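In each ligand, atom 1 is the first atom listed, and ligand 1 is the first ligand listed. The shown structure was predicted, so the numbers you read here are calculated from the model rather than taken from an experiment.
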Amino acid sequence: MTTRRIVLSSDHAAIPLRQSIAAHLAAKGWQVQDIGPTTTESTHYPKHGQAAAQIVAAGQADLGIIVCGTGQGIMMAANKVKGIRCGVCSDTFSARMIRQHNNANMLALGARVVAEGLALDIVDAFTSAEFEGGRHADRVAMITAIEG
Ligand code: RB5
């Protein structure tokens, strides 16, 4: 595996899970950039999804993981950033497949949906899988073409 830099962000609903993911990935040798937030004060998931997505899109991180209550809102925000392919996953199969087939560069998780143990398994499935290319590359290129 060559990808080793990962950026994490969340909203207020997901700080403990995000911090747990950060520690988990750091222990596995990932260079983790955790961009917060650090307080549980109510905040707005779009800006945190956008901030992490911009770091990935700029090539300053190889992958990104973003977390909110459901994972849905922060995923929607991240996918508005050009070059981002982010999926919400609540199972390990999907987390592996969005890397292998969709070349997803970001994963979104719902802290109110998945318990910590499953979330870390999902993170492992996502971060250990690689894009398979081949016929999938044409389809991913079609997604990119939609961006204009
Ligand atoms: C915050 O209450 C909640 O709306 C947010 O974390 C997320 O679930 C939105 O998609």
Check the pair I65, L25 against side chain to side chain contact (heavy atoms under 4.5 Å, CB included), reporting the backbone distance first and the verdict last.
-> CA-CA 11 Å; I65 297 179; L25 288 173; 4.0 Å; yes

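- In this structure a side-chain-to-backbone donor-acceptor pair under 3.5 Å is missing from Q33 to R5.
- With hydrogens and angles disregarded, a donor-acceptor distance shorter than 3.5 Å links the side chain of R85 to the backbone of N103.
- Across all their heavy atoms, C68 and G73 have their closest contact at SG-N, 4.0 Å.
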Give every pair formed by an N or O atom of ligand 1 and a protein N or O atom closer than 3.5 Å, one pair per line with both atom names and the distance to 0.1 Å, or write none.
unit_1   : atom_1 : unit_2 : atom_2 : d
ligand 1 : 2 (O)  : R112   : NH1    : 3.3
ligand 1 : 6 (O)  : D11    : OD2    : 2.6
ligand 1 : 6 (O)  : G69    : N      : 2.7
ligand 1 : 8 (O)  : G69    : N      : 3.3
ligand 1 : 8 (O)  : T70    : N      : 3.0
ligand 1 : 8 (O)  : T70    : OG1    : 3.3
ligand 1 : 10 (O) : T70    : OG1    : 3.3
ligand 1 : 10 (O) : G73    : N      : 3.0

Under the side chain to side chain contact (heavy atoms under 4.5 Å, CB included) rule, what do L17 and S10 come out as? Steps first, then yes or no, please.
-> CA-CA 9 Å; L17 180 56; S10 74; over 6 Å; no

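- Residues H48 and I66 are not in side-chain contact: their nearest non-hydrogen atoms beyond the backbone lie 4.5 Å or more apart.
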